[in-house]
Amino acid sequence: MAPRHLLTLLDLTPAELDNLLDHAIQLKRELRSGTVRDTLHNRVLAMIFEKSSTRTRVSFEAGMIQLGGSALFLSPRDTQLGRGEPIEDSARVISSMADAVMIRTFEHQKVDTFSHFSKSPVINALTDDYHPCQLLADMQTWREHRGAAKGIRVAWIGDGNNMCNSYINAARQFDFELVVACPEGYEPNADLVSANQDRVSIVNDPKAAAEGAHLIVTDVWASMGQEEEQQARTNDFAGFQVNPDLMKLADKDALFMHCLPAHRGEEVSVDMLDHPASVVWDEAENRLHAQKALLEFLILGF
Ligand code: CP
Ligand code: NVA
């Protein structure tokens with residue numbers, strides 16, 4: 001049977017995503033109560049990192065260990081992938097030895113190609129276009145704090161980047177409204193926006209997006225791979241900071257999320273991560289629980 005993958009949130013049905021989040025919450029409870037779980041005993045996760053990471057690496061590696069398996073960290077510096085061995089060949093070889101493969105890279109096309117030649121499930125751990133694993137954690141966090149996301153209004157403030165594109169997919173899969181506030185020229189993927197115009201809108205004024213929002217989310221102005229644009233982006237994104245004044249426009253019970261790492265003083269004010277509405281630390285921790293649920297789903301089918 002062909003393996004299932006998670007390249008974008010659309011690879012799982014809304015019902016599967018729902019079950020996965022319930023399962024993640026259950027795994028978190030079990031871990032906290034000291035229950036030992038070894039469902040992935042002897043299983044191996046290969047982790048290919050072509051970009052830096054703290055949360056993604058630690059959560060996948062710790063998650064595999066906690067489930068009785070192990071994880072291999074593969075960097076392009078030490079593997080033949082970095083010396084130009086074709087993705088197709090690498091996919092055949094790595095997936096013949098690993099039970100799942102996690103990839104963080106630049107072009108989304110690479111994870112697509114890898115998955116076509118892989119015998120094992122492939123997990124997108126961030127590409128230039130999407131970051132679905134982060135959305136699993138964000139949606140788990142929303143569920144724990146506020147319940148179902150259906151019908152809420154989410155405001156995305158900032159760059160129309162990989163996280164923003166994934167929020168558009170999440171709006172579809174979890175049935176909420178998304179208002180994106182970005183400077184002109186920094187809109188999310190146009191095809192994705194037009195395919196979801198019943199629930200996604202774009203404005204250029206952060207205040208208009210924040211008005212009445214139940215959840216406010218942002219991310220860095222310059223993503224990995226855009227370091228040389230940092231100065232130009234700092235100018236272009238002036239006024240797109242999430243801070244306590246912007247939060248005042250949101251619903252009184254609104255939450256604030258950021259996938260981290262954050263640049264205090266840029267996309268968030270210095271005090272925003274510690275604001276009463278901020279759930280960023282729960283959000284970061286939930287990467288662990290959500291991905292353990294994902295690994296069990298993809299490798300074991302539950
Ligand atoms: N949020 C996130 O993916 O963090 P890392 O880059 O540290 O993995
Ligand atoms: N948009 C950011 C997310 C980091 C987790 C980046 O791609 O660098």
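The first residue of the sequence shown is numbered 1, and numbering continues consecutively from there. Just the heavy atoms: all of them, side chains too, but no hydrogens, waters or symmetry mates, feed the values below. Just so you know, ligand 1 is whichever comes first in the structure, and atom 1 is the first atom listed for that ligand.
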Using a 3.5 Å cut-off on N/O to N/O, what pairs does ligand 2 make with the protein? A line per pair would be great.
| from | atom 1 | to | atom 2 | distance (Å) |
| --- | --- | --- | --- | --- |
| ligand 2 | 1 (N) | Asn161 | ND2 | 3.4 |
| ligand 2 | 1 (N) | Asn162 | OD1 | 2.9 |
| ligand 2 | 1 (N) | Asp219 | OD2 | 2.6 |
| ligand 2 | 1 (N) | Ser223 | OG | 2.7 |
| ligand 2 | 7 (O) | Asn162 | ND2 | 2.8 |
| ligand 2 | 7 (O) | Ser223 | OG | 3.4 |
| ligand 2 | 8 (O) | Met224 | N | 2.8 |

Salt bridge [X]-[Y], side-chain N to carboxylate O under 4.0 Å:
X      : Y      : answer
Asp89  : Arg92  : yes
Glu16  : Arg4   : yes
Asp198 : Arg172 : no

- Are Val268 and Leu255 linked, directly or through other ILVMFWY residues, by side chains that come within less than 4.5 angstrom of each other? no

- With sequence neighbours left out, what residues match Phe49 under ring-ring contact (aromatic ring centres under 6.0 Å, His included)? Phe73

- Task: Please assess Asp128 against Lys110 for the test salt bridge (Lys or Arg N to Asp or Glu O under 4.0 Å), listing each intermediate value before the final yes or no.
- Result: CA-CA 11 Å; Asp128 290 345; Lys110 270 195 191 174; over 6 Å; no

- Message: For Lys252, give me all partners under salt bridge (Lys or Arg N to Asp or Glu O under 4.0 Å), at least two apart in sequence or on another chain.
- Response: none

- Query: Where the side chain of Arg43 meets the backbone of Leu295, is there a donor-acceptor pair that is under 3.5 Å apart?
  - Reply: no

- Write down, by chain and number, every protein residue that brings a non-hydrogen atom to less than 4.0 Å from an atom of ligand 1. Ser53, Thr54, Arg55, Thr56, Arg104, His131, Gln134, Cys259, Leu260, Arg287

- Message: Once rounded to the nearest 0.5 Å, what's the spacing between atom NE2 of His258 and atom OG1 of Thr218?
- Response: 5.5 Å

